[in-house]
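Below: one structure, written as structure tokens.
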Number of protein chains: 2
Amino acid sequence: MYKSLDPLLHNELRLKIMSLLISIESAEFNFLLDETKATRGNLSAQITKLAKADYITVNKSFKNNYPLTTCKISAKGIDAFESYATALKTYLGNR
Amino acid sequence: MYKSLDPLLHNELRLKIMSLLISIESAEFNFLLDETKATRGNLSAQITKLAKADYITVNKSFKNNYPLTTCKISAKGIDAFESYATALKTYLGNR
DNA sequence: ATAAACAAGTTTATAAAATAAACCAAATAA
DNA sequence: TTATTTGGTTTATTTTATAAACTTGTTTAT
């Protein structure tokens with residue numbers, strides 16, 4: 001089958017992350033953790049995948065001495081998300 | 001993460017099959033093969049999964065002496081598809 | 001000052017899923 | 001009658017997702 005749905009976005013956790021980031025300037029790791037109810041390991045893994053594809057940028061700093069990971073969607077990520085939304089619609093018909 | 005997207009439908013090939021069946025009374029194996037461009041093996045496997053979940057019914061007969069597999073979406077399948085579409089929309093925002 | 005508990009992630013190992021490749025039975029063609 | 005084609009199914013491999021274990025450093029209690 002020729003794939004029209006970006007496999008990177010066609011995963012619930014990654015899609016949720018992107019869906020949050022697209023309307024939230026940027027988000028901290030723990031915020032995403034709370035919103036998604038994912039495990040830390042899984043969240044970390046999926047953030048890494050999105051970052052490797054340059055769909056998001058990840059900034060590492062410190063807050064109160066603790067590591068702080070902040071994520072932000074990129075222009076490429078926004079494009080991919082929009083394309084994904086468009087492609088999906090062709091499957092859903094009028095719904 | 002709590003899953004809100006039915007994993008059975010959240011796969012491009014199965015989604016495509018369902019998307020075709022929902023607007024086509026019924027479809028023959030070769031029709032689905034042609035529309036999806038999947039391999040026969042993969043198509044067979046995914047049809048089996050959808051059938052096991054009672055999302056579709058599968059009828060086996062013969063046409064011109066050759067085996068003929070016909071698929072039809074079920075009421076349960078329609079419901080699942082509609083729910084999936086609704087759930088997805090929460091991820092896509094206004095798009 | 002040391003040890004135990006906690007924070008914020010990352011890495012690794014396992015389970016599950018998707019897919020391609022190989023196979024099969026029956027029909028037709030050479 | 002052997003070879004090829006049709007219409008699939010089954011098996012084996014690869015990929016992906018996920019949970020469990022680990023790491024690095026911090027804070028709290030002793």
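Chain letters run A, B, ... following the sequence lines, proteins first, then strands; residues in each count from 1.
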- Query: Is there a side-chain polar atom (N or O) of A/R14 under 4.0 Å from OP1 or OP2 of D/dA17?
  - Reply: yes

- Query: D/dT15 C1' sits how many Å from A/L8 CG, rounded?
  - Reply: 14 Å

- Item | Residue-phosphate contact under 4.0 Å: A/K49 side-chain N/O, D/dT18 OP1/OP2 | no

- Task: Grab the CG-P distance between B/L68 and C/dA27 for me, whole Å please.
- Result: 14 Å

- Query: Once you round it to whole Å, what is the distance between P of C/dA17 and CD of A/E12?
  - Reply: 14 Å

- Query: Is B/K63 touching bases, backbone alone, or none of the nucleic acid, heavy atoms closer than 4.0 Å?
  - Reply: nothing

- Report the distance from atom CZ of A/R40 to atom C1' of C/dA7, rounded to the nearest whole Å. 8 Å

- Query: Looking at A/Y91, does the NZ or CZ of B/K16 lie under 6.0 angstrom from its six-membered ring centre and within 45 degrees of the ring axis?
  - Reply: yes

- What is the nucleic acid contact for A/Y66, judged by heavy atoms within less than 4.0 Å: base, sugar-phosphate only, or nothing? base

- Message: Between P on C/dA20 and NZ on B/K37, what's the gap in Å once rounded to a whole number?
- Response: 15 Å

- Rounded to the Å, how far apart are A/I47 CD1 and C/dA8 P? 13 Å

- Just checking B/S44: base, sugar-phosphate only, or nothing, at a heavy-atom cut-off of under 4.0 Å? base

- Comparing nearest nucleotides in DNA chain C, the 5'-proximal residue of the pair A/T69, A/K3 is A/T69

- Between A/Y55 and A/D6, do the side chains contain an N or O donor and an N or O acceptor separated by less than 3.5 Å? yes

- Message: Can you tell whether the side chains of B/D34 and B/K37 come within less than 4.0 Å, N to carboxylate O?
- Response: yes

- Rounded interatomic separation in angstrom, taking CG from B/L13 and P from D/dT15: 18 Å

- Message: When you compare the side chains of B/E12 and A/S4, does any donor N or O come within less than 3.5 Å of an acceptor on the partner?
- Response: yes

- Message: OP1 or OP2 of C/dA7 versus the side-chain N and O atoms of A/N30: is any pair under 4.0 Å?
- Response: no

- Residue whose nearest DNA chain C nucleotide is more 5′ - A/L43 or B/Q46: A/L43

- Take A/N65 and B/T48, find for each the nucleotide of DNA chain D with the closest heavy atom, and name the residue whose nucleotide sits nearer the 5' end. B/T48

- Query: For B/Y84 and B/D79, does a side-chain donor sit closer than 3.5 Å to a side-chain acceptor?
  - Reply: no

- Query: Closer than 4.0 Å, any side-chain N/O of B/N11 to the OP1 or OP2 of C/dA18?
  - Reply: yes

- Checking D/dA19, C/dT28, C/dA20 against the side chain of A/T39 (C-beta onward), the nearest is D/dA19

- CG of A/N42 versus P of D/dA21: gap in Å, rounded? 16 Å

